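Source: prediction; values computed, not measured.
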Amino acid sequence: FVPGSIVRIQLRNFLTYDWVEFRPGPYLNMIFGPNGTGKSSIACAICLGLNFPPSLLNRAQDLKSFVKNDKQDGHIEIELKGAKGKPNLVIRRNLFSNSKSAPFMLNGRSSSGRDINAKMAELNVQVNNLWHVLHISRSTAPIAFLPQDRVAEFARMTPQQLLRETQRAAGNPNLTAWHDTLIESGKSLKNIQDVSAPLGVALSISDMLHLCSS
């Protein structure tokens with residue numbers, strides 16, 4: 001496993017599950033089953049367990065709605081592979097059917113959502129990217145997931161939006177910045193060409209590039 005990989009998911013009284021534990025492998029993981037057997041519940045658990053808002057799933061907004069019917073409480077526990085030389089991260093989120101509060105524990109100690117967000121940033125986890133729920137690291141491919149409730153949103157994306165989401169999924173934060181720089185340089189180059197053409201001024205490629213960068 002590379003740092004940031006999910007190595008274990010445990011659910012108790014969560015949506016369709018009374019209790020279940022999954023241990024994904026380090027490569028491609030596939031979950032099969034008929035409708036209503038809890039495949040999407042696993043994706044919901046990953047999203048909520050890593051402190052991303054339920055709005056990303058286009059489902060219930062109240063966290064208490066994810067507790068299984070007729071149960072008082074439940075939990076999501078996700079274990080992530082730690083950075084090199086560091087222990088794994090065990091994140092537990094407790095859910096209550098009579099409260100909107102859903103406190104966190106990190107490696108057995110009470111923690112805040114801000115602490116969880118900081119850990120996710122360190123591992124480059126991008127649940128809010130429509131392309132996938134979890135990007136395990138910049139050195140490997142993401143675990144791909146497209147929530148079924150957001151398929152229509154994905155289909156409505158323009159080619160430009162799809163390209164940006166792909167760049168974000170690739171993991172290098174510089175890709176979008178480089179893309180924006182290319183777009184602005186292209187606009188500047190066109191403006192220079194539009195101005196110089198009526199004047200009969202012929203500029204070399206190097207001249208135009210210099211003007212664009214100045």
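- By the 4.5 Å heavy-atom criterion applied to side chains, Ile116 and Arg93 are not counted as neighbours.
- In this structure, CD1 in Ile76 is found 10.0 Å from CD1 in Ile9, a value given to the nearest 0.5 Å.
- Although no hydrogens or angles enter the test, the distance criterion places no donor-acceptor pair under 3.5 Å between the side chain of Ser111 and the main chain of Phe104.
- Under the 4.5 Å side-chain criterion, counting only non-hydrogen atoms from C-beta, Leu80 is in contact with Met120.
- In the hydrophobic clustering of ILVMFWY residues, with side-chain heavy atoms under 4.5 Å counting as a link, Met105 and Ile78 come out apart.
- Across all non-hydrogen atoms, the minimal contact from Gln161 to Arg156 is OE1-O, 4.2 Å.
- In the displayed structure, Lys68 atom NZ is contacted under 6.0 Å by more than 12 heavy atoms of other residues, nucleotides or ligands.
- The cluster map of Ile, Leu, Val, Met, Phe, Trp and Tyr, joined by side-chain heavy atoms under 4.5 Å apart, puts Ile46 and Val90 in different clusters.
- Taking CD1 of Ile6 as the reference point, atom CD1 of Ile91 lies at 9.5 Å (rounded to 0.5 Å).
- Residues Leu95 and Ala102 approach most closely at CD2-CB, 3.7 Å, considering heavy atoms.
- Note on Leu50: it clusters hydrophobically with Val20, by side-chain heavy-atom contacts below 4.5 Å among ILVMFWY residues.
- In this structure, Leu11 CG and Phe22 CZ are separated by 6.5 Å, a value rounded to the nearest 0.5 Å.
- The OG atom of Ser99 sits 10.0 Å away from atom CG of Asp62, with the distance rounded to the nearest 0.5 Å.
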Open item on the list: Apply salt bridge (charged side-chain N to carboxylate O under 4.0 Å, His left out) to residues Arg12 and Glu77 and explain how you reach the verdict.
Closed with: CA-CA 9 Å; Arg12 182 177 66 84; Glu77 186 169 284; over 6 Å; no

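- Formation of a donor-acceptor pair under 3.5 Å by the Asn29 side chain with backbone atoms of Tyr27 is found in this model.
- Open room surrounds CG on Asp70; 12 or fewer heavy atoms of other groups in view lie less than 6.0 Å from it.
- No donor-acceptor pair closer than 3.5 Å links the side chain of Arg92 to the backbone N or O of His75.
- Heavy atoms only, all atoms of each residue included: Tyr17 and Ser41 are closest at CE1-CB, 3.7 Å.
- The shortest heavy-atom contact between Ser101 and Phe96 is O-CD1, 3.7 Å.
- Of the charged side-chain nitrogens involved, none lies within less than 4.0 Å of a carboxylate oxygen, so that Arg23 and Glu79 do not count as a salt-bridged pair.
- Grouping Ile, Leu, Val, Met, Phe, Trp and Tyr residues whose side-chain heavy atoms lie under 4.5 Å apart, directly or via other members, leaves Ile183 alone, with no other cluster members.
- Counting only heavy atoms from C-beta outward, the side chains of Lys81 and Leu123 never approach each other to under 4.5 Å.
- Between Leu163 and His179 the shortest side-chain heavy-atom distance falls below 4.5 Å.
- Closest heavy-atom contact between Asn117 and Asn51: OD1-ND2, 3.0 Å.
- Put simply, the side chain of Lys39 never gets that close to the backbone of Ile31: no donor and acceptor are under 3.5 Å apart.
- For the pair Asp73 and Asn13, the tightest heavy-atom approach, listed with the atom from each and the gap, is O-ND2, 2.9 Å.
- Note that CD1 of Ile42 and SG of Cys47 are 14.0 Å apart. Values are rounded to the nearest 0.5 Å.
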